[in-house]
A.B. asks: 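Have a look at this one.
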2 protein chains.
Amino acid sequence: MCFQVRMTPHETSLTLEKTAETLRAAGLRMTKKRFGIIQALLEANSPLSLQDIQSRAEVHTSLRPDYATVFRTVGAMEKLGLVHKVSLQRSCTYYEISDPRKHYDHLVCRQCGQVVLIDIPCPIGEAEKTIARQYGFRELSHSLEFFGLCSTCP
Amino acid sequence: MCFQVRMTPHETSLTLEKTAETLRAAGLRMTKKRFGIIQALLEANSPLSLQDIQSRAEVHTSLRPDYATVFRTVGAMEKLGLVHKVSLQRSCTYYEISDPRKHYDHLVCRQCGQVVLIDIPCPIGEAEKTIARQYGFRELSHSLEFFGLCSTCP
DNA sequence: ATACATGCAAACATTTTGCTTTGGC
DNA sequence: GCCAAAGCAAAATGTTTGCATGTAT
């Protein structure tokens with residue numbers, strides 16, 4: 001059972017066209033099902049489980065993609081760097097569109113599950129470079145989640 | 001299949017006694033199996049899966065706790081704040097002892113799986129307070145993982 | 001002696017795969 | 001028409017639970 005994620009606004013600057021273009025460039029075909037999946041991801045305000053994506057894709061295209069289709073499509077998109085996993089420390093994995101111009105740090109309420117995207121100047125950017133140098137790692141990325149209790153929860 | 005985690009040194013300052021004390025104070029009984037589980041966690045240099053804990057507990061006590069026992073014991077310890085989950089973005093959950101005096105940020109090689117514990121002054125501490133104020137959240141904690149390619153991987 | 005802890009095995013949830021059919025190009 | 005994508009259903013994996021038995025207190 002996947003926890004239902006509540007949302008907080010966040011505008012999207014990646015377009016359906018651009019994303020589709022990347023997929024095509026990689027030799028993947030654009031289908032109605034994939035359009036729905038991509039739209040679901042583009043319009044999400046917080047990370048989505050595969051089930052979430054499946055339901056929302058249906059809203060967009062009136063076609064419900066099979067769960068395996070969502071799984072494979074999202075997997076392919078992940079390989080292309082178009083989406084990334086987000087760990088909300090729950091029983092299933094969540095995904096989010098990767099817009100290279102943005103940061104994806106989250107603030108999660110331990111009580112109600114609300115997820116807030118913290119799209120502020122990243123406090124990590126500098127540390128990341130230092131760490132890369134210090135430990136000899138390359139191509140660093142990070143995943144940062146804050147957990148706490150939101151103002152409306154006890 | 002749980003990915004095998006390689007390790008990097010990290011001294012432990014929590015003791016078996018102290019941990020056992022906390023468990024007893026919570027009304028839990030100290031058994032040989034639990035000693036092994038706690039020792040496995042205390043001596044780990046990086047996050048352990050439940051299977052890892054099971055195997056290492058056996059090394060310590062010559063008694064192999066059942067997987068369900070490890071599951072329940074670690075779960076109980078988590079509720080008491082003695083351990084916490086670590087998301088290495090793999091198929092299973094990893095756990096780590098929670099020493100309140102330490103930070104638990106990790107650096108993970110995407111290629112070989114090596115996990116390095118970055119036990120340096122936390123780059124987040126300040127941001128955490130700001131975020132708490134700004135979003136009205138309380139009791140914040142965070143989980144920070146860096147992913148990259150280590151010096152020995154292509 | 002009494003509860004709590006354990007082991008065993010089954011139930012569950014989620015992820016992943018194989019294979020046939022459908023549909024984009 | 002060809003080959004990738006989708007659907008269906010089964011397998012695989014990891015997590016969680018129920019219950020009878022063992023054991024710390």
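Naming: A, B, ... by sequence-line order, numbering from 1 per chain. Quick caveat: nothing in here was measured; it's all calculated off a predicted structure.
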A.B. asks: With the sugar-phosphate defined as primed atoms, P, OP1 and OP2, and the base as all remaining atoms, what B/S/- string results for nucleotides 17-24 of chain D, 5' to 3', for protein heavy atoms under 4.0 Å?
C.D. replies: BB-----B
A.B. asks: Using a 3.5 Å cut-off and no angle test, enumerate the donor-acceptor pairs between side-chain atoms of residues 25-35 of chain B and protein atoms at least two apart in sequence or in another chain.
C.D. replies:
residue : atom : partner : partner atom : Å
B:T31   : OG1  : B:R34   : N            : 3.1
B:R34   : NH1  : B:R29   : O            : 2.9

A.B. asks: Under the side chain to side chain donor-acceptor pair (under 3.5 Å) rule, collect the residues that match up with B:K129, sequence neighbours excluded.
C.D. replies: B:E126
A.B. asks: Can you name the residues that form a side chain to side chain donor-acceptor pair (under 3.5 Å) with A:S143, not counting sequence neighbours?
C.D. replies: A:E145
A.B. asks: Got a sec, which pairs hit salt bridge (charged side-chain N to carboxylate O under 4.0 Å, His left out) with one end in residues 59-71 of chain B, sequence neighbours left out?
C.D. replies: B:E58-B:R64
A.B. asks: Check whether any side-chain N or O of A:S91 sits under 4.0 Å from OP1 or OP2 of D:dT15, and answer yes or no.
C.D. replies: no
A.B. asks: Which residues satisfy the side-chain contact (heavy atoms from CB on, under 4.5 Å) test with A:Y67, sequence neighbours excluded?
C.D. replies: A:L50, A:Q51, A:Q54
A.B. asks: Do any pairs count as a ring pair (Phe, Tyr, Trp, His ring centres under 6.0 Å) and have a residue in residues 113-142 of chain B, sequence neighbours left out, and if so which ones?
C.D. replies: none
A.B. asks: Roughly how bent is the helix from C:dA1-D:dT25 to C:dC25-D:dG1 end to end, in steps of 10 degrees, with each end axis from five pairs?
C.D. replies: 40°
A.B. asks: For B:S141, check side chain to side chain donor-acceptor pair (under 3.5 Å) against everything at least two apart and list the hits.
C.D. replies: A:R110
A.B. asks: Got a sec? Which of residues 74-82 of chain A come in under 4.0 Å of DNA chain C, heavy atoms?
C.D. replies: none
A.B. asks: Name all residues meeting the side chain to side chain donor-acceptor pair (under 3.5 Å) criterion together with A:S87; count only those two or more places apart in sequence or in a different chain, and write none if there are none.
C.D. replies: B:S87
A.B. asks: Partners of A:H84 by ring pair (Phe, Tyr, Trp, His ring centres under 6.0 Å), sequence neighbours excluded?
C.D. replies: A:Y104
A.B. asks: Is A:T93 close enough to C:dT14 that one of its side-chain N or O atoms is under 4.0 Å from OP1 or OP2 there?
C.D. replies: no
